[in-house]
There are 2 protein chains.
Amino acid sequence: MNIGDASKQSNLPPKTIRYYEDIGLIKPLRDANGYRSFRERDVHKLVFLARSRALGFTIEDCRNLLALWDDQTRASADVRAIAQDHLSQIENKITDLQAIHNTLSQLVHDCAGDHRPDCPILKTLETFPKTT
Amino acid sequence: MNIGDASKQSNLPPKTIRYYEDIGLIKPLRDANGYRSFRERDVHKLVFLARSRALGFTIEDCRNLLALWDDQTRASADVRAIAQDHLSQIENKITDLQAIHNTLSQLVHDCAGDHRPDCPILKTLETFPKTT
DNA sequence: ATAGGGATTCCAGTCACTGGAGGGTCAAGG
DNA sequence: CCTTGACCCTCCAGTGACTGGAATCCCTAT
């Protein structure tokens, strides 16, 4: 299977697939003409990668998850640890974003948004304390 | 004022301040010895930048906000538009992260996390549909 | 004179791709 | 047989917003 079909099956752009080969996440074969030749196993890995990335795992997370996936003797605890760690990071990020959202939506709410030069948003950006 | 003091007052690392000068966000003067010399106005801008960045505005947003801040005749509507746009992006991001959080916490919950090789997390990464 | 702490520039690396140039390969139609 | 157009290849450079490090210079105090 050529890269175009692998791309369609995995929903990853060809550029990204080549990049994943570059950094050693997949190792497709090569045809005589130099074209990459993707086996079922390669496509399966690409699908796995697409989904892991969609859940926000980093490439290094993915590399570890793939290694565990390949390893028939892995302990599920190892996988769980990676996922749990990632989950905490997501929770922190959501908390941060919600704080930012609160501050910013208050600002937008307070702003008349008319033609006058007086703007509470800019005023606050000058003066509000770091920890709000 | 030297860069070290400007750094302390704005809570930005010196490297970042030099970078902000590189990309034209601030224009400190220079002393005879080549050291950057920060006026009140420069430090004020740095504080503004630190706070805007902490609220997640991009550098280009900040550039626009600073221009508006400098412009005595600006309309508050212009500022509000940037903030409103940014707010929508934050809302989208929170929604995405919450969906990811739901999926992932379910996975972690389902996973025994013991020494056995059977792992529902890896299984799901192979098979769950893109739009969950 | 020397030691330290600060300042300078410039180059390179991060993360995860993405865009583009410049070229080779293949199947179908004229 | 030739051309067209859709693929495919590699390699280089750029993104955003810094950050690290090397090599060097400046200033102050002992």
Side-chain angles (χ1 to χ4, degrees), chain A residues 1-39 42-43 45-46 48-66 82 85-86 89-90 93 96 100, chain B residues 1-39 42-43 45-46 48-66 82 85-86 89-90 93 96 100:
Chain A
M1 183 188 311
N2 282 351
I3 201 169
D5 292 322
S7 166
K8 266 164 214 146
Q9 293 211 24
S10 61
N11 243 346
L12 289 170
K15 278 266 181 189
T16 302
I17 296 176
R18 293 194 192 99
Y19 172 70
Y20 285 169
E21 186 189 9
D22 270 3
I23 63 174
L25 288 179
I26 51 165
K27 294 183 179 38
L29 303 174
R30 294 291 177 135
D31 287 339
N33 56 15
Y35 287 18
R36 287 169 185 80
S37 175
F38 294 83
R39 292 152 293 180
D42 298 316
V43 175
K45 278 195 182 185
L46 288 175
F48 183 101
L49 285 167
R51 286 166 181 171
S52 309
R53 293 286 302 125
L55 287 179
F57 286 97
T58 67
I59 290 286
E60 285 318 298
D61 282 340
C62 291
R63 199 187 295 281
N64 292 329
L65 288 171
L66 267 185
I82 295 176
D85 185 68
H86 181 44
Q89 288 177 36
I90 288 170
K93 201 149 212 172
D96 288 354
I100 289 172
Chain B
M1 184 189 313
N2 282 351
I3 200 169
D5 293 322
S7 167
K8 267 163 213 146
Q9 293 212 23
S10 62
N11 242 346
L12 290 169
K15 278 265 182 192
T16 302
I17 296 177
R18 291 195 191 99
Y19 172 69
Y20 285 170
E21 186 188 10
D22 269 3
I23 62 174
L25 288 180
I26 51 166
K27 294 183 178 36
L29 303 175
R30 294 291 178 135
D31 286 339
N33 57 12
Y35 286 18
R36 286 168 186 80
S37 176
F38 294 83
R39 292 153 292 179
D42 299 316
V43 175
K45 278 195 183 185
L46 288 174
F48 184 100
L49 285 167
R51 287 166 179 169
S52 308
R53 293 285 303 126
L55 287 179
F57 286 97
T58 66
I59 289 286
E60 284 319 299
D61 283 339
C62 290
R63 199 188 294 279
N64 292 329
L65 289 171
L66 267 185
I82 295 176
D85 185 68
H86 182 43
Q89 287 177 37
I90 289 171
K93 203 152 213 172
D96 288 353
I100 289 171

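Throughout, protein chains are lettered first and strands after them, A, B, ... in sequence-line order, and every chain is numbered starting at 1. Everything numeric here is computed off the predicted structure, so don't read it as measured data.
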Query raised in the report: B:Glu21 CD to D:dT19 P: how many Å, rounded?
Result: 17 Å

Query raised in the report: Starting at the 5' end of DNA chain D, which residue's closest nucleotide do you reach first, B:Lys15 or A:Lys8?
Result: A:Lys8

Report task. Tell me what B:Phe57 touches on the nucleic acid: a base, only sugar-phosphate, or nothing, going by heavy atoms under 4.0 Å. Result -> nothing

Report task. Pick base, sugar-phosphate or nothing for A:Pro13, based on heavy-atom distances below 4.0 Å to the nucleic acid. Result -> sugar-phosphate

**Report entry** Between P of C:dG24 and CG of A:Asp31, the distance in whole Å
**Finding:** 19 Å

Report summary line: Distance col, row B:Leu49:CG vs B:Ile26:CD1, nearest 0.5 angstrom, shows 7.5 Å

Query raised in the report: For the residue pair B:Leu66 and B:Leu25, what are the closest heavy atoms and their distance?
Result: CD1-O, 3.8 Å

Query - Nearest to side-chain heavy atoms of A:Thr58, which nucleotide of D:dC8, D:dC18, C:dA16 - result: C:dA16

Requested in this report: Report the distance from atom CE of B:Met1 to atom NZ of B:Lys8, rounding to the nearest 0.5 Å.
Outcome: 11.0 Å

Report task. Would you mind reading off the distance between A:Ile3 atom CD1 and C:dT25 atom C1', rounded to a whole angstrom? Result -> 15 Å

Report task. Establish, from distance only, whether the side-chain atoms of A:Asp85 and A:Gln89 form a donor-acceptor pair under 3.5 Å. Result -> yes

Requested in this report: Considering just the side-chain nitrogens and oxygens of A:Arg30, establish if one lies under 4.0 Å of OP1 or OP2 belonging to D:dT10.
Outcome: yes

Report summary line: Taken to the nearest whole Å, CD1/A:Ile17 to P/C:dC17 is 11 Å

Query raised in the report: Over how many whole Å does the gap from A:Leu49 atom CG to C:dC15 atom P extend?
Result: 17 Å

Report task. Please tell me which of the listed nucleotides, D:dC9, D:dT19, D:dC26, lies nearest to the side chain of B:Tyr35? Result -> D:dC26

Query raised in the report: Does A:Tyr19 place a side-chain N or O at less than 4.0 Å from the phosphate oxygens OP1/OP2 of C:dC15?
Result: no

Query raised in the report: Is the distance from OP1 or OP2 of D:dC18 to the nearest side-chain N or O of B:Arg53 less than 4.0 Å?
Result: yes

Report summary line: Whole-Å distance, A:Arg18 CZ to D:dC12 P, equals 16 Å

Query raised in the report: Within less than 4.0 Å of OP1 or OP2 of C:dT8, is there a side-chain N or O belonging to B:Asn33?
Result: no

**Report entry** Close side-chain approach of A:Tyr20 and A:Ile59, heavy atoms under 4.5 Å
**Finding:** yes

Query raised in the report: Is any side-chain N or O of A:Thr16 closer than 4.0 Å to OP1 or OP2 of C:dT18?
Result: yes

Report task. Could you tell me whether the phosphate oxygens of D:dT10, OP1 or OP2, come under 4.0 Å of any side-chain nitrogen or oxygen in A:Arg36? Result -> yes

Query raised in the report: Rounded to whole angstrom units, what separation is found between the CG atom of A:Asp5 and the P atom of D:dC7?
Result: 10 Å

Query raised in the report: Please give, in whole Å, the distance from D:dC11 P to A:Asp22 CG?
Result: 9 Å

